[in-house]
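Right, one structure below, let's go through it.
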Amino acid sequence: MIPAPFELVRPGSVEEAVGALASAGEDAKLLAGGMSLLPLMKLRLATPSVLIDVGRLEALRAVRVEGDDVVVGALCRHADLERSAALREAAGVLAAVAGQVGDPQVRHRGTIGGSVAHADPASDLPAVLVAADAVLRVRGPDGERTVAAREFFRGFLETALEPDELITEIRVPRSGPDGFAYQKFQRRAQDWAVVGALALRLGGRVRVSLVGMAPVPWRAEATEAALAEGASAAEAAALADEGTDPPGDHLAGPEFRRHLARVLVRRALE
């Protein structure tokens with residue numbers, strides 16, 4: 001299918017991109033890799049009158065280590081994260097999970113900022129950010145602000161990002177090259193996860209997050225609390241679906257998703 005007509009703007013800086021967003025208003029959309037936006041436009045589920053192409057803003061493509069954090073530019077492609085030696089050493093979980101996103105074509109075009117801003121509850125990387133208590137830096141006409149990952153995701157395809165703001169970078173606490181596991185169930189290797197489970201050791205405790213079990217990336221707090229009290233992996237995993245609201249669709253019903261969550265969390269913990 002063919003998208004509706006639109007005007008294309010290519011800003012030369014973050015400041016110009018923010019200005020273009022402010023000028024165009026709610027009819028504008030940011031274009032980075034286009035892996036989420038362009039299919040919606042082709043189906044006429046999204047019909048922006050202005051596309052602001054930020055894909056060439058190299059200032060938003062860096063990965064750097066700052067103290068106890070690793071800072072990832074919003075335009076880092078999934079393949080960039082997967083291959084980054086600095087990221088694999090400082091926060092190996094983010095590099096490893098980026099390597100499991102979609103297929104090679106998606107990983108070489110899709111960006112972490114685009115994935116996070118799209119906020120699909122079946123996507124992989126938001127679960128990492130929620131488990132690690134990452135912080136997102138966004139910029140708009142009124143300047144910069146930071147938003148905790150757990151507060152950024154508001155609902156299905158809904159975030160705390162205002163229409164005239166863009167994500168510039170994501171700050172993730174350093175967790176080292178290992179101490180994590182990500183398990184997901186999918187029909188085909190490149191499909192969205194039906195359910196995913198991430199276990200991450202950080203700050204002396206294990207954090208657990210779930211994909212596909214709620215309208216937002218979900219922290220399995222009951223499982224975390226049980227682990228902190230000395231429960232076994234199996235005992236803690238039995239609580240993984242507590243408080244979740246899994247959807248039912250052509251891939252799986254809510255009860256099967258609950259079963260998957262418990263099984264995948266146990267595997268990740270083990």
Side-chain angles (χ1 to χ4, degrees), residues 13-15 17-18 30 32-33 54-55 57-101 107 110-120 123-154 158-162 164-180 182 198-209 211 216-219 224:
S13 66
V14 174
E15 291 74 17
V18 171
L30 291 170
V54 295
L57 300 183
E58 292 298 321
L60 301 184
R61 209 180 293 283
V63 176
R64 66 185 187 276
V65 176
E66 289 186 359
D68 293 332
D69 297 329
V70 57
V71 182
V72 177
L75 289 185
C76 285
R77 298 185 179 98
H78 307 315
D80 298 332
L81 302 177
E82 181 183 8
R83 294 193 298 254
S84 171
L87 186 61
R88 289 199 305 268
E89 183 63 27
V93 58
L94 190 55
V97 174
Q100 297 188 46
V101 174
R107 292 195 293 273
T111 65
I112 185 172
S115 175
V116 170
H118 185 55
D120 192 309
S123 58
D124 303 296
L125 294 175
V128 178
L129 305 187
V130 167
D133 288 329
V135 174
L136 292 85
R137 184 177 296 276
V138 303
R139 184 179 300 183
D142 298 327
E144 289 188 333
R145 65 187 181 100
T146 58
V147 185
R150 295 188 72 176
E151 299 173 359
F152 183 81
F153 301 100
R154 298 273 180 87
E158 181 185 357
T159 73
L161 203 62
E162 298 294 338
D164 55 2
E165 291 181 324
L166 77 160
I167 303 169
T168 57
E169 64 183 29
I170 301 167
R171 188 174 290 268
V172 183
R174 294 176 66 175
S175 55
D178 47 32
F180 65 87
Y182 184 51
L198 175 75
L200 171 65
R201 188 180 301 278
L202 179 65
R205 59 176 297 184
V206 175
R207 288 98 176 288
V208 178
S209 62
V211 170
V216 296
W218 187 263
R219 278 285 287 273
E224 294 181 6

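The structure displayed is predicted, hence computed values, not measured ones. Residue numbers count from 1 along this sequence.
Between Val18 and Pro141, the closest side-chain pair of non-hydrogen atoms falls below 4.5 Å. Residues Leu200 and Tyr182 are not in side-chain contact: their nearest non-hydrogen atoms beyond the backbone lie 4.5 Å or more apart. Inter-residue side-chain proximity for Leu94 and Ile112 is flagged as met; some heavy-atom pair is nearer than 4.5 Å. Side-chain contact between His78 and Leu125 is present, with at least one heavy-atom pair separated by less than 4.5 Å. Glu89 places a side-chain heavy atom less than 4.5 Å from the side chain of Pro177. When side chains are defined from C-beta on, Glu169 does not count as touching Glu144, because their heavy atoms never get closer than 4.5 Å. In this structure, Val71 and Arg137 have side chains that are not in contact, with every pair of non-hydrogen atoms separated by 4.5 Å or more.
Proximity of a side-chain donor or acceptor of Arg201 to a complementary backbone N or O of Ser175 within less than 3.5 Å is not detected. Between the side chain of Arg88 and the backbone N or O of Arg83 there is at least one donor-acceptor pair closer than 3.5 Å. With hydrogens and angles disregarded, a donor-acceptor distance shorter than 3.5 Å links the side chain of Arg219 to the backbone of Val130.
Heavy atoms only, all atoms of each residue included: Arg77 and Arg107 are closest at CB-O, 3.9 Å. The nearest pair of heavy atoms linking Val93 to Phe180 is N-CE2, 3.4 Å. Residues Ala127 and Ser209 come closest through the heavy atom pair O-OG, 2.9 Å. Nearest heavy atoms, Ile167 versus Ala74: O-CB, 3.2 Å. Of all non-hydrogen atoms in Cys76 and Leu81, the two that sit nearest each other are CB-CD2, 3.7 Å. Closest non-hydrogen pair, Arg207 versus Leu202, comes out as NE-O, 3.4 Å.
Of the inter-residue distances, the one linking Asp69 atom CG with Arg64 atom CZ reads 10.5 Å to the nearest 0.5 angstrom. Phe152 CZ to Leu129 CG: the interatomic distance, rounded to the nearest 0.5 Å, is 9.5 Å.
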Checklist entry - Please walk me through it: do Asp80 and Val63 pass side-chain contact (heavy atoms from CB on, under 4.5 Å)? => result CA-CA 9 Å; Asp80 298 332; Val63 176; over 6 Å; no
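Checking each of Thr146, Thr168, Val116, Thr159 against Leu136 for a side chain to side chain contact (heavy atoms under 4.5 Å, CB included) leaves exactly one that passes, namely Val116.
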